[in-house]
Amino acid sequence: QISDYQDLGRPDVVLIGFERTLCEQVRTHLYRFYNHFRNIRIADLGNLIQENADFATPLISELVNNKAIRVIVGADGALMESMINATQSAVTVISNRIEEPASFGTVPINYLAFQRHLVPYNVLGSLDDNCMMALSLGKIRTHPNLLEPFLRDCGLLCLDLNAVRSSEVPHISDACPSGLTTEELCQTMKFAGMSSRLEAVLIKANCCPESHNEAKVIAEAVWYLLEGLNMSTKDHPKDRTPCKEFLVTIPDMDTDLTFVRSELSGKWWLKVHDYPENEVIYIACAHEEYQQAVSGHELPERLAKFILH
């Protein structure tokens, strides 16, 4: 079981409780699950003595120096915003709604599982204007193959449980009848865990103290996050791992597109040259997007903003 494999020496993953009551309920369920994770060391550091973002943020950030991935359960909005402003890594927010992007400063944020009827029209437009990645709940359902590449370079993951449908988390005050299923959430968390760039995960749940079903959902989500971490490999092209390059000619474009496939994992990237900065950027993509470029001789819509912006 999970509790049987704590390693307080040099852990790869640390579990930290922010909201005490919810965290104890999550532990009750999580510790009943079996430990399949032989490639990672897990330590539960207990609960923070103060449920305060000013106290928690520097303490949690300090753990990054030890290369431990931090999983914080019961975070609130203030802690999420503080951690977002403190990070230099790519941020992904999973929520059924989107706050004004400007409220989080200059950190680029990717949005996942939002529902368009809960987002102001001008905010949706600003996502494209600022070259942000966003996958609505509808796009996740119609293009499930995009979920893994969307999360592949995630450094900080902020999960709000309101992204799950209200029938499965009935005590989440701002959840809706439409939303992710628990199975979809677990798959999402597994993909996030597989990111070789992941540094921290914050889980927020606005619910009453006796929210046992919500605690069960969070425990399952954490378990599949750990499974993803256990499967994670250093396969990014920037890590100088074995890769193959494929050139694709697109009509009306001055240069060929360069797609890269990892020989270790089979994952794909689009290689883009940022000429003002003289830097090579790798955009995570799906094999289907490569196939679309080859067979349709057109640039996939999701990738176009990185080249044509």
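Everything quoted here is computed from the prediction, not taken from an experiment. Numbering of residues begins at 1 and proceeds along the displayed sequence.
- Asp153 is linked by a salt bridge (Lys or Arg N to Asp or Glu O under 4.0 Å) to nothing, counting only residues two or more places apart in sequence or in another chain.
- Checked against salt bridge (Lys or Arg N to Asp or Glu O under 4.0 Å), Lys139 has no partners two or more places apart in sequence or in another chain.
- Here Arg261 pairs with Glu263 under the salt bridge (Lys or Arg N to Asp or Glu O under 4.0 Å) rule; sequence neighbours left out.
- For residues 168-179, the set of pairs meeting the salt bridge (charged side-chain N to carboxylate O under 4.0 Å, His left out) definition, not counting sequence neighbours, is empty.
- A side-chain donor-acceptor contact under 3.5 Å links Thr249 and Asp256.
- Pairs passing the salt bridge (charged side-chain N to carboxylate O under 4.0 Å, His left out) check and including a residue from residues 15-31, sequence neighbours excluded, read Glu24-Arg27, Arg27-Asp44.
- Side chains of Asp235 and Ser265: a donor on one and an acceptor on the other come within 3.5 Å.
- Residue pairs meeting the salt bridge (charged side-chain N to carboxylate O under 4.0 Å, His left out) criterion with at least one partner in residues 280-291, sequence neighbours excluded, are Glu289-Arg302.
- Judged as a salt bridge (Lys or Arg N to Asp or Glu O under 4.0 Å), and not counting sequence neighbours, Glu220 has no contacts.
- Residues meeting the ring pair (Phe, Tyr, Trp, His ring centres under 6.0 Å) test with Phe18, sequence neighbours left out: none.
- Remark: Ala205 engages Leu22, Leu161, Ile172, Cys207, Ile218 in a side-chain contact (heavy atoms from CB on, under 4.5 Å) (not counting sequence neighbours).
- Under the rule for a side-chain contact (heavy atoms from CB on, under 4.5 Å), the partners of Ser167 that lie at least two apart in sequence or sit in another chain are Arg165.
- Taking the ring pair (Phe, Tyr, Trp, His ring centres under 6.0 Å) definition, one finds that Trp269 meets it with His236, sequence neighbours left out.
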| Phe246 and Phe259: ring pair (Phe, Tyr, Trp, His ring centres under 6.0 Å), yes or no, with the steps? | CA-CA 5 Å; Phe246 300 82; Phe259 285 88; 8.7 Å; no
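- Shown here are the side-chain contact (heavy atoms from CB on, under 4.5 Å) partners of Ser166, two or more places apart in sequence or in another chain: Ala175, Pro177.
- Using modelled atom types and a 3.5 Å distance limit, the side chains of Gln115 and Ser136 yield no donor-acceptor pair.
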